[in-house]
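This report concerns only the one structure given below.
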2 protein chains.
Amino acid sequence: MTDFMASALKEAEEAGKRNEVPVGAVLVLDGEIIAKAGNCTRELNDVTAHAEILVIREAAKKLSNERLIGADLYVTLEPCPMCAAAISFARIRRLYYGAEDQKSGAVDNGVRLYGDKSCHHAPEVYSGISETQSSLLLKEFFKTRRD
Amino acid sequence: MTDFMASALKEAEEAGKRNEVPVGAVLVLDGEIIAKAGNCTRELNDVTAHAEILVIREAAKKLSNERLIGADLYVTLEPCPMCAAAISFARIRRLYYGAEDQKSGAVDNGVRLYGDKSCHHAPEVYSGISETQSSLLLKEFFKTRRD
């Protein structure tokens, strides 16, 4: 489990080097990583290019199936409402995330999407995985940009 | 205004003919349509390929800017949480939508995203535009599939 989060952290780190907000994700099926990505909104000029959306799209393309039944998502930051909804639509089984996002998260903060009756599939959620490293990457990124 | 919704309805109708849930959207900037799309989740095997996401991505690519300041979105159905969040991230100015989606909407139903303090930009919202036609397209589509 921590190995998969380590891979997500590596994606986050690489995103930071490309001047993207350092968030990374990997999608795992049957014990193997089938898609990995870091946040890419700036490079692609695409507000939807969050790490979670990129891995969901890549995996669905690879499997020729829009539903990723049995797949688990590891992401370094608590998903926003856009990603939380996409995770639900893709029928992802388990969501493991690193740091909480008190400002823009939608799982354990904000609209808490998975607890709303409009949400028709909720993944099992495990939080706080490699939280310190995930959070540190983001703090350092924003500190550098402020300086 | 109703002309733009008529274009969105046409996109919805064409989506239905392709066996997609008939929802359509157009994005308008300075009085001109800069992107239009119908729902395309099945064809693309992509849960994120809702009409709203497709027009936001297309317009951002065209303008080489991830933020669509001053752009207005016309969509035949109330956006879901994924699309409502993307609309917010893209800084869309006004959202005009047709039918309410009491089951899966996130603007005037469900999590009512734009009223949550985690939402950092909310468009002006105008609902009920060509509501009857928008709703009828969806009802007929699902009726045909049940029969």
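Only this structure's heavy atoms are used, side chains among them; waters, hydrogens and symmetry mates stay out. The sequence lines fix the lettering, A, B, ..., with proteins before strands; numbering per chain opens at 1.
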Side chain to side chain contact (heavy atoms under 4.5 Å, CB included) between B:Val111 and A:Leu113, intermediate numbers included
CA-CA 7 Å; B:Val111 297; A:Leu113 192 71; 3.8 Å; yes
Working for side chain to side chain contact (heavy atoms under 4.5 Å, CB included), residues B:Glu66 and A:Asp46:
CA-CA 5 Å; B:Glu66 58 171 318; A:Asp46 180 357; 5.8 Å; no
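B:Phe4 and B:Leu29 sit in two unconnected hydrophobic clusters of ILVMFWY residues. Membership requires side-chain heavy atoms under 4.5 Å apart, directly or through other members. Note: the hydrophobic cluster containing B:Ile53 also contains A:Ile53 (ILVMFWY, side chain heavy atoms under 4.5 Å, direct or indirect links). Side-chain heavy atoms closer than 4.5 Å link hydrophobic residues (I, L, V, M, F, W, Y) into clusters, and following such links, possibly through other members, connects B:Leu77 to B:Phe142. Linking Ile, Leu, Val, Met, Phe, Trp and Tyr residues whenever their side-chain heavy atoms come within less than 4.5 Å leaves A:Phe89 and B:Leu44 in two separate clusters. Linking ILVMFWY side-chain heavy atoms closer than 4.5 Å, directly or via other members, places B:Ile129 and B:Leu9 in two distinct hydrophobic clusters.
The 12-atom threshold is not exceeded at CD of B:Gln102, counting heavy atoms of other residues, nucleotides or ligands nearer than 6.0 Å. Within a 6.0 Å radius of CZ in B:Arg67, other residues, nucleotides and ligands contribute 12 heavy atoms or fewer. By the neighbour-count criterion of 12 heavy atoms within 6.0 Å, atom CZ of B:Arg94 is densely surrounded, having more than that number from other residues, nucleotides or ligands.
Looking at heavy atoms from C-beta onward, B:Lys103 lies out of side-chain contact with A:Ser118 at the 4.5 angstrom threshold. Side chains of A:Asn45 and B:Lys61 form no contact here, defined as non-hydrogen atoms less than 4.5 Å apart. Contact annotation: the side chain of A:Val47 approaches that of B:Ile56 to within less than 4.5 Å [non-hydrogen atoms, C-beta and beyond].
For chain B, the nearby parts of A:Ser64 are the backbone and the side chain; heavy atoms of each come within less than 4.5 Å. Contacts between B:Arg91 and chain A at a heavy-atom distance below 4.5 Å are absent for every atom of the residue. With a 4.5 angstrom heavy-atom cutoff, B:Asn65 touches chain A only via backbone atoms. Both the backbone and the side chain of B:Thr41 come within less than 4.5 Å of a heavy atom in chain A.
From A:Arg112, atom CZ reaches atom CG of B:Asp116 across 9.0 Å, with rounding to the nearest 0.5 Å.
In terms of heavy-atom pairs under 4.5 angstrom with chain B, the leader among A:Ala59, A:Cys83, A:Pro81 is A:Pro81.
Between B:Ala86 and A:Met82, the shortest heavy-atom contact is CB-SD, 3.9 Å.
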